[in-house]
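This structure is a prediction, so every number in the text was calculated from the model and none was measured. Hydrogens, waters and symmetry mates play no part in the numbers below; they use all other heavy atoms, side chains included.
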Amino acid sequence: MHCMSGHSNFVSCVCIIPSSDIYPRGLIATGGNDHNICIFTLDSSAPLYILKGHKNTVCSLSSGKFGTLLSGSWDTTAKVWLNDKCMMTLQGHTAAVWAVKILPEQGLMLTGSADKTIKLWKAGRCERTFSGHEDCVRGLAILNETEFLSCANDASIRRWQITGECLEVYYGHTNYIYSISVFPNCKDFVTTAEDRSLRIWKRGECAQTIRLPAQSIWCCCVLENGDIVVGASDGIIRVFTESVDRTASPEELQAFENELSQATIDSKTGDLGDIDADQLPGKEHLNEPGTREGQTRLIKDGEKVEAYQWSVSDGRWLKIGDVVGSSGANQQTSGRVLYEGKEFDYVFTIDVNESGPSYKLPYNTSDDPWLTAYNFLQKNDLNPMFLDQVAKFIIDNTKGQTLGNVNTDFSDPFTGGGRYVPGSSSGSDVSAAADPFTGSGRYVPGSTSSTGVPSAGTDRFIGSGVFQSSPLKALNIYFPKKEAVTFDQANLTQILGKLKELNATAPEEQKLTEDDLVLLEKILSLTSNNSAEGPTAHQLQTLWKAVNWPEDIVFPALDILRLSIRHPTVNENFCNEKEGAQFSSHLLKLLNPKGKPANQLLTLRTLCNCFIGQAGQRLMMSQRESLLSQAIELKSGSNKNIHIALATLTLNYSVCLHKNHNIEGKAQCLSVISTVLEVVQDLEATFRLLVALGTLISDDSNAVQLAKSLGVDTQIKKYGSVSEPAKWVSHSSSAASSHLLFSYCLRPSVLDTYSSFRKWRKGKGDESGSSVTPRLQNL
């Protein structure tokens, strides 16, 4: 055993990265208050490497397949890491990300935040937001591929489906719940909280409560053998087991029991309900056996109040501590009490009869005692005859009370101060007893310490002749794609005719003169015939004027721009450093999902054609994040030509990224590919996305691993064995399986994937109505 060091401030979370071929014993990841993540081998005390990128404390970690690591931070983001590189940043929460989990399959990720929400992410995009918790989400646990659990500061546990439904809410803890862990191969789980307890839940019920001699039980973990490990505020790690063979010695058990009995329980926490020492029974009350595991009973021994818990296995009452501040105490001194996730001025314990159960009655001084009594009886199905009695009990026990302020010195072990208030701008100073999760006061969100010339055909958009592939060879002929794919097909007469027609409807100040129309006809002729002569500045100004027409009539001008941008002079003029920002900003507006489909289509094609020039490539790469983020919003439509253009844009980005190995850029493209593959039906669009995928991951093991971790393998499986129409129909309608069919970088079978896909499209005559242009023939 050795001590690992590498952080410059306290460590807030620890995670095991499973074994791999390179590290057969696995790795250990730690997140710290220094904003860093340290990765250790088991054999060294120094970090193997340090992950830098977060702008505030790293407070949660989760590992997944293929070495993927997910981190959450106070900087409101989560990050996906692969080896020593950040693959993508998940942005969307408005407060600290306290909990993260990677689902075992499908490339899904979960984040829980102090903004009270949980978000589901796929391929770097937020797919769904789960709302329901009334305070900071502190922990997440995976039940299976479709369900997960969450716990929060509202003292509740929720069971969710990944489709968004909250299936059940569990209550039992009386204060913040910090951690949750699931038993192997079942839906039973354990939780730890600020109420000095570890609770074991079976079949949706709290089956056992284990008290510890510490107020804050910060974390828990269920081992593969079913043992439970917990860490608490007294600095001790304890392991609990059902196995007789692994049970501690009698001496150790007695030492634990003694430590527990000597603990003090502050009545102000409300963990034991409302306490009136004068009304408590004496020790003789312990002669009666308990009725369930973990049942708590208070007795008065002289001037002291003691708390006992029933142990079914031992058949006796175990002392769990002395209650302090309870002699004649009431909620006047204990502040507000958390019950079922809400704060109340009082939480009374009502015993209807000695043989029956006790009931909790929450009450605020602003409430009507009669209405509260009525609701209490209704909720617990009690006889209405008790209404006067219960109401009088409330009045008698709250008469003349002046409640003090909530105790803001209460130390939350995750934040070191009072309860976290999302959006709060106030904080507290670092205390002497620094909390190991934060080392200081309340967390303050936002604080700093962040396609060629077509063959003859009928498709007026991109050409029509079905691509004729050469016989399949052992050599990979599909990817990596080396050159950008462009849209060159055009009917110049129709474009100019429509431009002149719509010019008559343009606003007076934007109408083109006859000379302007001649200039546009000239620039269209120059750029379409690959003339060495370049357009003049006047011609380019006229084109820009037309491109800024109103959205309902601009599409013929966009078509001219789409063709013209291929010319070196036009490409340099519109895409240079000085003009490029204005140019790309204008095109972004035309990509509005609520805009006209014709504008969306022609804008996407213009962006694709920008890649043919060096200036255009530089502009497209500098604006990659915003352009792809906006373009992907067009995936939902049914226009197959838009899908093909979107796939081509992604392919062109893949070509550039293959050259410079920008891993974050590749991560975004992989996210786009994964997202669009789920919705497109057109075969041409699908093929281009597959080529983009192959280009991205070729000769880049990091990109291969990232693609695996995002679950892209499950999406492309259905294209793997397509060799004839009947098979294609079968595969396109079935769910994707989990076997990987990636590029030759992973398995040679992908050549069969691409070959069979092409053979099918050739034999089918390409039902999509579109085709790959000759510029794609080297695929």
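Under the side-chain contact (heavy atoms from CB on, under 4.5 Å) criterion, Ser113 pairs with His93, Ala95, Asp115, not counting sequence neighbours. Annotation: salt bridge (charged side-chain N to carboxylate O under 4.0 Å, His left out) contacts of Asp84 (sequence neighbours excluded): none. Ser701 pairs by the side-chain contact (heavy atoms from CB on, under 4.5 Å) definition with nothing, not counting sequence neighbours. Partners of Asp43 according to the side chain to side chain donor-acceptor pair (under 3.5 Å) rule, which considers only residues two or more places apart in sequence or in another chain, are Arg25. For Leu223, the side-chain contact (heavy atoms from CB on, under 4.5 Å) partners are Cys221, Asn225, Asp227, Val229, not counting sequence neighbours. Take Leu253 and apply the side-chain contact (heavy atoms from CB on, under 4.5 Å) test, not counting sequence neighbours, and it matches Thr247, Ala248. The ring-ring contact (aromatic ring centres under 6.0 Å, His included) check on Trp81 picks up nothing, with sequence neighbours excluded. Take Glu252 and apply the side chain to side chain donor-acceptor pair (under 3.5 Å) test, not counting sequence neighbours, and it matches Ser249. By the salt bridge (charged side-chain N to carboxylate O under 4.0 Å, His left out) test, Arg203 pairs with no residue at all, sequence neighbours left out. For Thr30, the side chain to side chain donor-acceptor pair (under 3.5 Å) partners are His7, not counting sequence neighbours. Taking Thr89 as the reference, Lys79 meet the side chain to side chain donor-acceptor pair (under 3.5 Å) condition, with sequence neighbours excluded.
Side chain of Arg238 to main chain of Gly231: no donor-acceptor pair is present (N/O by atom type, distance under 3.5 Å, no hydrogens or angles).
For Ser60 and Trp98, the side-chain atoms include no donor-acceptor pair closer than 3.5 Å. Side-chain contact of Asp245 with Ser243: a donor-acceptor pair under 3.5 Å is absent, judged by distance alone.
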- Task: Begin with the C-alpha distance, continue with both residues' side-chain angles, and end with the deciding distance and a verdict on ring-ring contact (aromatic ring centres under 6.0 Å, His included) for Tyr49 and Phe40.
- Result: CA-CA 7 Å; Tyr49 49 85; Phe40 297 89; 10.0 Å; no

- Show your reasoning for whether salt bridge (Lys or Arg N to Asp or Glu O under 4.0 Å) applies to Glu259 and Arg211. CA-CA 11 Å; Glu259 189 178 9; Arg211 302 282 178 176; over 6 Å; no

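Residues in residues 158-172 take part in these salt bridge (charged side-chain N to carboxylate O under 4.0 Å, His left out) pairs, two or more places apart or across chains: Glu147-Arg159, Arg159-Glu168.
Comment: Lys122 engages Glu678 in a salt bridge, judged by a side-chain N to carboxylate O separation of less than 4.0 angstrom.
The aromatic rings of Tyr170 and Trp201 are tilted relative to each other, their planes meeting at an angle between 30° and 60°.
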